[in-house]
There are 2 protein chains.
Amino acid sequence: MNRQELSIGGLAEKTGSNVQTIRYYEQIGLMPLPERTEGNQRRYGGEHVQRLAFIRNARDLGFSIETITTLLDLAAKPDRPCAEVIDIAEENLEVVRERLAKLRALERALKHLVASCDGGRMKDCRIIEALSDPRR
Amino acid sequence: MNRQELSIGGLAEKTGSNVQTIRYYEQIGLMPLPERTEGNQRRYGGEHVQRLAFIRNARDLGFSIETITTLLDLAAKPDRPCAEVIDIAEENLEVVRERLAKLRALERALKHLVASCDGGRMKDCRIIEALSDPRR
DNA sequence: CTTGAATCTATAGTCGCTATAGCTTGTAGC
DNA sequence: GCTACAAGCTATAGCGACTATAGATTCAAG
């Protein structure tokens, strides 16, 4: 009772994942094939739990699936320098910062838009007007 | 020479859009069907230009296509009160703010992650370690 | 044994686009 | 009128990361 004992639902619960997502990850090769019962049900052990935790942690931090694949490959090589991992994390941080900048600009524009209209009829609506502005 | 005179490429250029996107908008019903030449090419006039400008402006502000459909419907009713438009814009602003909060948290986590590793071997890599933390 | 929940595979959908293949039309230049 | 090339057309599939559903099987509890 310490080998592959988790059903897919059990694994999902343990890692805050979704059953469908786990199947999806298996399909795309991100999660290795698990053992199966005679009834063809998946059974997972500690290594799968760990790997899925890694994946979900990385997803939560905004790493793409492709990047996670790379990170997992790198993590499997204990004697390599971890400079590459640092690079990847830094790139990701940069992307997040760019997204933040864009969202901030968007917030500003929306705030301004909302403030520009004081109610009334649709034909005088400043929001509709602003949205109707010609482009370029 | 002032009726429907713009080709789809012309419309795309005038509104900073993409030909494919315009066709997509037509397919999902967001853009009305235009007139056609004998050779079956689309030809657009001022009303289409205006409508597409509205759509792109709204998309730029993060409104979903569904919401834009609603806004367009509302805009077509000049005597209605524009309270609904204000509500929609405010909701959208709220969504943007939530996304901002999430991204800020993400930036913080990533910043911390990047700072936690000072190079070395993969087996001592603090980033990999952090990603390997158990869930929940 | 029965029942109901969980599991399975296959397939399609979500959101908002974007790309491509193969064919036709339009336009400019000769 | 012919040629060449760009732009147009429809149909279909793909992108990224999931998510849902249908119909069938397995599992576990009573």
Side-chain angles (χ1 to χ4, degrees), chain A residues 1 4-31 33-44 48 51-52 54-72 91-92 95-96 99 102-103 106, chain B residues 1 4-31 33-44 48 52 54-72 92 95-96 99 102-103 106:
Chain A
M1 78 102 20
Q4 323 290 17
E5 75 218 10
L6 280 175
S7 69
I8 192 168
L11 180 64
E13 166 144 20
K14 199 168 177 71
T15 53
S17 307
N18 184 335
V19 165
Q20 313 281 23
T21 307
I22 295 170
R23 286 204 197 99
Y24 168 64
Y25 287 161
E26 179 188 305
Q27 178 191 31
I28 63 175
L30 192 58
M31 282 291 278
L33 295 183
E35 286 180 4
R36 298 273 184 149
T37 62
E38 271 195 29
N40 200 32
Q41 298 197 355
R42 297 169 173 79
R43 287 295 180 266
Y44 299 97
H48 279 99
R51 188 172 174 100
L52 187 57
F54 187 103
I55 293 165
R56 297 311 311 173
N57 282 334
R59 285 295 299 130
D60 284 349
L61 289 174
F63 292 100
S64 69
I65 290 193
E66 188 188 19
T67 299
I68 291 167
T69 305
T70 303
L71 288 173
L72 284 166
E91 275 171 37
N92 202 51
V95 168
V96 168
R99 269 197 243 144
K102 279 185 185 164
L103 263 190
L106 184 51
Chain B
M1 84 110 353
Q4 325 286 16
E5 75 218 9
L6 280 174
S7 68
I8 192 167
L11 180 64
E13 166 142 18
K14 198 167 178 74
T15 53
S17 307
N18 183 338
V19 165
Q20 312 282 19
T21 308
I22 295 170
R23 285 204 197 99
Y24 167 66
Y25 288 161
E26 179 187 305
Q27 178 190 34
I28 63 175
L30 192 57
M31 284 289 281
L33 295 182
E35 286 179 6
R36 299 273 185 150
T37 62
E38 272 195 33
N40 200 32
Q41 298 197 355
R42 294 167 174 82
R43 288 293 179 264
Y44 299 97
H48 279 98
L52 187 57
F54 186 103
I55 292 163
R56 295 311 310 172
N57 281 334
R59 284 294 299 130
D60 283 350
L61 288 175
F63 293 99
S64 70
I65 290 194
E66 188 186 17
T67 300
I68 292 167
T69 305
T70 303
L71 289 173
L72 285 166
N92 202 51
V95 168
V96 168
R99 272 199 241 141
K102 279 187 182 156
L103 264 189
L106 184 52

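Order of the sequence lines fixes the chain letters, A, B, ..., with proteins taken first and strands second; residue numbering starts at 1 for each chain.
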Visitor: Excluding sequence neighbours, so at least two apart, what forms side-chain hydrogen bond (donor to acceptor under 3.5 Å, both in side chains) with B:Arg99?
Guide: none
Visitor: If the sugar-phosphate is the primed atoms plus P, OP1 and OP2 and the base is the rest, what is the B/S/- string for nucleotides 19-30 of chain D, using protein heavy atoms under 4.0 Å?
Guide: BBB----SS---
Visitor: Both B:Arg59 and A:Val19 contact DNA chain C. Taking the nearest nucleotide for each, which residue is further toward the 5' end?
Guide: A:Val19
Visitor: Using the rule given for side chain to side chain contact (heavy atoms under 4.5 Å, CB included), can you reason through B:Arg59 versus B:Thr21, listing the C-alpha separation, both sets of side-chain angles and the distance that settles it, and then say yes or no?
Guide: CA-CA 12 Å; B:Arg59 284 294 299 130; B:Thr21 308; over 6 Å; no
Visitor: Go through the steps to decide whether A:Thr15 and A:Ile55 satisfy the test side chain to side chain contact (heavy atoms under 4.5 Å, CB included), and finish with yes or no.
Guide: CA-CA 10 Å; A:Thr15 53; A:Ile55 293 165; over 6 Å; no
Visitor: Between A:Met31 (CE) and D:dA17 (P), how many Å, whole number?
Guide: 17 Å
Visitor: Is there a side chain to side chain contact (heavy atoms under 4.5 Å, CB included) between B:Tyr24 and B:Asn18? Walk through the geometry before answering.
Guide: CA-CA 10 Å; B:Tyr24 167 66; B:Asn18 183 338; over 6 Å; no
Visitor: Going 5' to 3' along DNA chain C, which nucleotides are the first and last within contact of chain A (any atom under 4.0 Å from a heavy atom)?
Guide: C:dT7 to C:dT9
Visitor: State which residues pass side-chain contact (heavy atoms from CB on, under 4.5 Å) with B:Arg36; sequence neighbours excluded, sorted by chain then number.
Guide: B:Glu26, B:Asn40, B:Arg42
Visitor: To the nearest 10°, let me know how far the axis at one end of the helix from C:dC1-D:dG30 to C:dC30-D:dG1 is tilted from the axis at the other, five pairs an end.
Guide: 10°
Visitor: Heavy atoms from C-beta onward define the side chain here; which of D:dG8, D:dC18, D:dC9 lies closest to that of B:Ser7?
Guide: D:dG8
Visitor: Applying side chain to side chain contact (heavy atoms under 4.5 Å, CB included), run through A:Tyr44 and A:Ile22 and close with a yes or a no.
Guide: CA-CA 11 Å; A:Tyr44 299 97; A:Ile22 295 170; 3.6 Å; yes
Visitor: Quick one: B:Ile8 CD1 to D:dC9 C1', roughly how many Å, whole number?
Guide: 9 Å
Visitor: Quickly work out the A:Tyr25 OH to D:dG16 P distance and round it to whole Å.
Guide: 14 Å
Visitor: Which residues pass the side-chain hydrogen bond (donor to acceptor under 3.5 Å, both in side chains) test with A:Glu13, sequence neighbours left out?
Guide: none
Visitor: In whole angstrom, give the distance that lies between atom CD1 of A:Ile22 and atom C1' of D:dA17.
Guide: 15 Å
Visitor: In whole Å, I'd like the distance from the CD atom of A:Glu66 to the C1' atom of D:dC18.
Guide: 17 Å
Visitor: Extract all donor-acceptor atom pairs below 3.5 Å that involve side chains of residues 60-69 of chain B and protein atoms in other chains or at least two apart in sequence.
Guide:
residue, atom, partner, partner atom, Å
B:Asp60, OD2, A:Arg135, NH1, 2.8
B:Asp60, OD2, A:Arg135, NH2, 3.2
B:Ser64, OG, B:Thr67, N, 3.1
B:Ser64, OG, B:Thr67, OG1, 3.0
B:Thr69, OG1, B:Ile65, O, 2.9

Visitor: Residues two or more places apart in sequence or in another chain: which of them pass side-chain hydrogen bond (donor to acceptor under 3.5 Å, both in side chains) with B:Ser7?
Guide: none
Visitor: Just to verify, what does A:Arg56 make a side-chain hydrogen bond (donor to acceptor under 3.5 Å, both in side chains) with, not counting sequence neighbours?
Guide: A:Tyr25
Visitor: Identify, with sequence neighbours excluded, every residue that meets salt bridge (charged side-chain N to carboxylate O under 4.0 Å, His left out) alongside A:Glu91.
Guide: none
Visitor: Counting any heavy atom closer than 4.0 Å, what does A:Phe63 reach on the DNA or RNA strands: base, sugar-phosphate only, or nothing?
Guide: nothing
Visitor: Would you kindly give the CG-to-C1' distance between B:Leu6 and D:dA7, to the nearest whole Å?
Guide: 14 Å
Visitor: How long is the line joining CD1 of A:Ile28 and C1' of D:dA17, in whole Å?
Guide: 8 Å
